[in-house]
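Take a look at the structure set out below.
Letters A, B, ... mirror the listed sequences (proteins, then strands); counts begin at 1.
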Amino acid sequence: MTAADQDAPARGAIEAAGRGQLRFLTCGSVDDGKSTLIGRLLVDSRRVFDDQLAALERDSRRFGTTGEDVDYALLLDGLEAEREQGITIDVAWRFFATARRSFVVMDAPGHEQYTRNMATAASTAELAVLLVDARKGLLDQTRRHAAICALFRVRHVVLAVNKIDLAGFSQETFDAIVADFAAFVQPFGFASLTAVPVSARFGDNVVAASPRTPWYGGPALLDLLETIDVESDPAAAPFRLPVQWVARPNAEFRGFAGTVASGRVAVGDAVVVQPSGAGSTVARIVTADGDRDAAAAGDAVTLVLADERDVSRGDLLAAADAPAEVGDQIQAHLLWMGEQPLLPGRACLMRIGTRWVGATVSQIRHRIDVRTLAPLAARRLVLNEIAVCNLSVAAPIAFDSYAADRTTGAFVLVDRETNDTVAAGMIDFGLRRAANLRWERLAVDKAARARLKGQRPCVVWFTGLSGAGKSTIARLVEQRLHAEGLHTYMLDGDNVRHGLNRDLGFTDADRVENIRRVGEVAKLMVDAGLIVLCALISPFRAERQAVRELLGAGEFVEVFVDAPLDLCMARDPKGLYAKARAGRLTNFTGIDSPYERPDAPDLVLDTAAESAEALAEQVVARVRGG
Amino acid sequence: MPSLPIHLRQLEAESIGILREVAAAFERPVMLYSIGKDSSAMLHLARKAFFPGRLPFPLLHVDTTWKFRDMITFRDRTARDLGLDLIVHVNQEGVRAGVDPFRSGSAVHTRVMKTEALKQALEQHRFDAAIGGARRDEERSRAKERVFSLRSASHGWEPRRQRPEPWRLFNTRLAPGESMRVFPLSNWTERDVWEYVRAEGIPVVPLYFAAERPVVERDGMLLVVDDDRFPLRPGEVPRMRRVRFRTLGCYPLTGAIESDATTLDAIVAEMRAATTSERQGRLIDADETASMERKKREGYF
C-alpha cells in the first residue's frame with residue numbers, strides 16, 4: 001500500500017527539529033504500568049506500525065493481563081522469557097520522534113534483582129520518568145529508583161502518578177504523593193522535579209491534557225518531554241578527549257581520534273597528554289567533512305597536535321589549564337554487577353575512558369542503603385549492592401570526579417577469569433597518598449643484592465590440593481638449593497597462618513587476602529635477592545596471576561603439584577579430608593570450595609607417577625636453568 | 001558547520017565512536033556488508049570514522065546466490081569505486097545440496113545459506129568481531145540487544161551472558177573461541193537511516209526506488225520475478241507494476257510495496273507516513289513471534 005495519499009499523522013511525521021535527542025529512562029514497580037505508559041507514548045505518537053499492532057493484539061489475547069483491551073506492555077517485553085513471565089528483565093531501547101524532539105527511551109526493569117540493568121540505563125540518561133501507582137503512593141522501590149537516579153546523576157526527574165483513574169482522578173491523592181516524593185528527594189539535589197497525573201491505560205495526560213483532571217494545569221507528559229530543558233552547559237566543563245584510535249594512514253599524518261567527552265576544543269588550544277603530562281597545542285581538527293575550527297562534547301573527531309608527542313590509545317587529551325587529576329589510588333562508589341560477591345584484594349581489570357588497566361578494590365569503606373543513600377557497615381558486596389570503596393590501580397590514570405564529569409569519572413571493572421563486567425564505578429576523588437607516597441629508590445637495589453649472592457632471585461610457587469605434596473617437594477627443593485650455596489626462604493601456607501595471616505579464615509575473601517599478603521612478602525624477599533619457595537593451595541587463578549604480575553618477567557615460576565583428589569584424600573596427611581567429609585570442616589578446597597587448575601603452569605609435577613625426590617630435582621633444574 | 005540535523009549528528013558521532021572501538025579493540029574485525037541501505041549508511045560511517053585513512057577491516061558479503069541481480073551489480077561497483085577489501089562467501093555445501101528458497105522453504109534456506117554460511121566465513125577467516133547493521137527498532141528482541149553482543153565459540157547468543165554497557169564503556173574482552181557482534185546502528189531508526197542517506201548523498205541500490213517491475217502476488221506479498229529461476233505456479237503471470245523495496249534480501253523472500261517514490265525525498269516522505277514496519281516485507285520473520293530470538297540463539301546475525 002502506498003502511504004503518500006494518506007493524511008500525515010499529527011505526530012512523528014515532522015522532522016525532529018533543533019533540540020536533538022532526549023535520552024530518558026522509565027522506572028517503576030512491575031505493576032505501576034511502566035511498559036503500558038511507553039507503549040502508549042509510542043502508539044499515540046504513531047511510532048508503532050500496523051503489523052506490529054496486529055502482532056500486539058494477537059499477543060494480548062495470548063499473554064495479556066488487561067482482559068479484552070490491548071496490553072501495551074507486550075509491545076516492549078521482547079524476550080520470550082519476559083512475555084511468558086510477564087516481567088521485564090532487560091533494558092529495552094525504544095525510539096520515537098515528534099515535531100520538536102527525537103527520543104531514546106530506555107525502559108528499565110523494576111525488580112531489585114535487576115538494579116544493574118536500571119543503572120545501565122541511568123548512566124547515560126538525562127531524565128528519568130518515575131512511575132508510582134496513585135493508589136499505593138511511594139513504595140520502597142520508588143525510593144530506591146530515585147536514589148539510583150541521584151547516584152548516577154540523572155539530573156531531571158518526572159514523577160508520573162499513574163492509574164489516577166483508579167484513584168477517582170483525585171487531586172488530594174496526587175498532591176499528597178507529590179509532597180511525599182518532593183520531601184524524600186530534597187537532599188538528592190535534582191536539577192528539576194515535575195509531577196504529572198496520568199492514566200497510561202486510558203491515555204489521560206499522556207500525549208494530550210485530560211478533561212478528567214481539570215485541576216491539573218500543567219502539560220501532558222509528552223508535552224513536558226518535548227519542551228523540558230536538560231542542557232547543562234557542556235562548554236563550561238574543561239576539555240577532555242579519551243584517545244580511542246591513533247590514525248597513521250601515511251608517514252605525514254598522525255592524528256588522535258576520539259569523541260570529545262566534555263568541554264570544547266579549538267585549533268591553537270594548549271592541551272596536555274595525560275597521564276604522561278606532555279603538553280602541545282592543537283594544530284588541526286580533522287573530520288571527513290573537512291577540517292574544523294572547533295569541536296565540542298559529543299563530536300567524534302581526529303586531533304592533530306603541533307608537536308610530536310608520545311600518545312596512544314587510552315591516553316586522555318585535556319585542557320592544559322584545567323587538566324584531569326592523575327593518580328593510582330581512588331575512592332569511588334561501586335555498584336556490584338557480578339554474580340559472585342566482591343572479594344577485596346582480588347586483581348581485576350578497570351576500563352576508564354578508552355584505557356584498560358589492572359585494579360584492585362583494596363577496601364570496602366561502607367555500603368549504601370539504596371533507598372536513602374545512608375551509609376551501612378559492610379564487609380562484603382554482592383550483586384546489586386552499592387558501596388563506597390577504595391581502589392588501587394596498577395598504574396597512574398587520568399580521571400575527574402563523577403560529579404564533575406560523567407565520562408572521565410566513570411569506569412567499569414571486569415573479572416579477569418570470566419571477562420564479565422562485574423562493577424560500575426563512579427569516582428569520588430583521588431586519595432592523597434597517591435600524590436604523597438613515593439617509592440624510595442634505594443642505592444643498593446635488587447640487582448646489586450642478587451649479584452652479591454651470585455643467584456637469580458625468583459618465586460617458585462607451588463599450587464595444588466591439600467595433600468598433593470606441595471610442602472614435601474618444596475622442602476626437598478630448598479634442601480638441595482641450600483646445599484648448593486643458594487640463598488632461599490620458604491613461605492608455607494600453614495606456617496604464615498600462624499603469624500602474618502593469623503587473622504584470616506578460609507572464606508573466599510580471606511583466601512584472596514591470604515595470597516595477596518604472601519605475594520607481597522615474596523616480592524620483598526625477591527627484592528632482597530632471595531629464591532622464595534611458596535607452598536600454598538592458592539585455589540584461584542586470579543590471585544596466582546596477580547602475584548605473577550607483582551614480579552618481574554621470569555621471576556615467577558608456577559609449579560602445579562598435580563594429584564587426583566582421591567589420592568589426596570587417601571593420603572590425608574593432616575586428617576583434614578576426613579574432617580571435611582564429616583562436615584566438621586567447611587570451605588575445604590576440593591570438598592566444598594573450588595580449586596581452579598592453572599591454565600599454563602611453568603611446570604607440572606605428577607605426584608601419582610613420580611617420587612617426591614625426582615620431582616624436586618625437576619624444580620631444582622628449572623631454578624638453576626632460570 | 002555541518003548541515004546535518006542535530007539528532008543525526010549525534011547518531012553519526014555515536015556510530016563513529018563504536019566503529020573506532022572495534023578497530024582498536026579486536027585483532028581481526030570484519031564488517032558484514034549486506035548491500036542494503038543500512039549497510040550503505042554503515043559503510044559511509046566507517047569511511048568517515050577512519051578518514052583520512054583506509055578502512056582498517058575487510059567487508060564480508062554472505063551471498064545466498066538468491067540476491068537481486070541489481071544488488072550484486074551495486075556491490076561490485078561499490079567495492080571497485082571505493083577500493084574496498086571485499087570478501088564474498090557462499091556456502092558451497094548448500095549449493096551442492098541444492099538448497100533453494102522455493103523448494104527447501106525459507107527457514108531451511110535462511111539457516112543453510114545465511115546462518116551457516118556466516119559461521120563458515122567467520123571461522124574460515126578467524127574473525128573475532130563482526131560489525132552488523134542491525135537496529136534496535138527493527139524487532140522486539142533486537143530492542144534489548146547490546147551494542148557489543150557476545151557470542152559463544154559456537155556463535156550462540158545467550159541473553160543472560162550479555163554484558164551491561166554503562167556509560168558506553170564497552171567490555172570488548174573475549175575468551176578463546178568467542179567472538180563479538182557489534183551494532184553501530186543500534187540507536188538509529190529506519191527513518192533516521194533514510195534521512196541520513198539523503199543528507200549525505202549516499203548511493204543505494206536502485207531497487208529502493210519505484211519502477212515498473214515484473215510482479216507476482218503470492219501469499220499476500222508482491223514478489224518481483226528477478227530471474228528465470230522463479231517457479232511460477234499455475235495461473236501466475238508476472239504483471240508489470242510500479243513497486244519498490246523497503247528492505248532487500250533474497251528476492252524470493254522479499255516483498256515489494258507499491259509506490260511512486262522515485263527520489264530520496266519521496267522515500268523520506270513515504271517513510272514519515274508509513275503505517276507498517278519494514279520487516280513486514282520479510283518472509284523469514286513471519287514464522288512466529290519469537291522467531292528472531294530463536295534464530296539469534298542459533299547464530300543468526
Side-chain angles (χ1 to χ4, degrees), chain A residues 1-4 6 8-9 13 15-16 18-21 49-52 55 59 76 78-80 90-95 97 102 104 116-117 119-120 123-124 244-245 247-249 253 257 259 286-289 298-300 302 313 337 349 351 354 406-407 410-412 414 419-421 424, chain B residues 2 5-7 9-14 16-17 20-21 23-24 47-54 136-137 139-144 159 162-171 173-175 186-187 189 191 195 257-261 266 269-270 272-277 279-280 289-290 293:
Chain A
M1 141 175 76
T2 57
Q6 289 187 326
E15 189 102 23
R19 280 193 179 278
Q21 277 181 352
F49 295 117
D50 291 350
D51 53 318
Q52 292 171 333
D59 284 358
L76 300 163
L79 303 179
E80 272 184 348
D90 212 336
V91 181
W93 279 262
R94 295 285 157 178
F95 312 89
S102 73
V104 179
R116 62 176 162 177
N117 309 60
T120 299
S123 71
T124 58
Q244 197 179 12
W245 167 263
R248 259 172 309 196
F253 188 92
T259 303
V286 178
T287 75
D289 299 310
D299 293 342
T302 300
R313 171 172 161 87
M337 295 175 150
L349 290 168
R351 177 168 184 165
T354 51
R406 248 175 139 186
T407 305
F411 61 87
V412 292
V414 172
N419 286 331
D420 289 337
T421 301
Chain B
I6 184 166
H7 76 284
R9 244 190 298 151
Q10 289 168 331
L11 288 169
E12 180 187 68
E14 180 181 67
I16 286 176
R20 286 171 173 168
E21 191 61 27
R47 295 178 66 227
K48 284 189 144 187
F50 301 103
F51 177 88
R54 288 169 49 84
R136 284 169 174 159
D137 82 323
E139 207 267 347
R140 280 190 297 192
S141 79
R142 291 262 196 230
K144 309 209 164 182
Q162 300 306 310
R163 300 160 174 173
E165 297 180 331
W167 302 290
R168 303 187 186 93
L169 285 174
F170 303 116
N171 176 353
R173 299 192 37 100
L174 298 175
S186 286
N187 292 333
T189 63
R191 210 178 93 188
E195 287 177 355
I257 53 169
E258 294 203 289
S259 167
D260 288 316
E270 196 182 275
R272 288 174 179 174
T275 59
T276 55
S277 79
R279 296 203 82 87
Q280 193 201 28
T289 322
E293 187 184 343

CA sep, side-chain torsions, deciding dist, call: E21(B), R168(B), salt bridge (Lys or Arg N to Asp or Glu O under 4.0 Å): CA-CA 11 Å; E21(B) 191 61 27; R168(B) 303 187 186 93; over 6 Å; no

Segment of [X] engaging chain B (4.5 angstrom heavy-atom cut-off):
X: A410(A); result: both
X: R313(A); result: side chain
X: T407(A); result: neither
X: V412(A); result: both

Partner chain A: residue of P166(B), A261(B), A266(B) with the largest heavy-atom pair count (under 4.5 Å): P166(B)

Contact leader toward chain A among S186(B), A49(B), P164(B), G53(B), where contacts are heavy-atom pairs under 4.5 Å: P164(B)

R136(B) to W93(A), cation-pi by 6.0 Å centre distance and 45° axis angle: yes

Any side-chain heavy-atom pair of D137(B) and R191(B) under 4.5 Å: no

R116(A): partners by salt bridge (Lys or Arg N to Asp or Glu O under 4.0 Å), with sequence neighbours left out: E339(A)

Sequence-distant partners of R54(B), salt bridge (Lys or Arg N to Asp or Glu O under 4.0 Å), two or more places apart: none

Full working for salt bridge (Lys or Arg N to Asp or Glu O under 4.0 Å) between D289(A) and K48(B): CA-CA 8 Å; D289(A) 299 310; K48(B) 284 189 144 187; 2.9 Å; yes

Contact class of Q162(B) relative to chain A, heavy atoms under 4.5 angstrom: neither

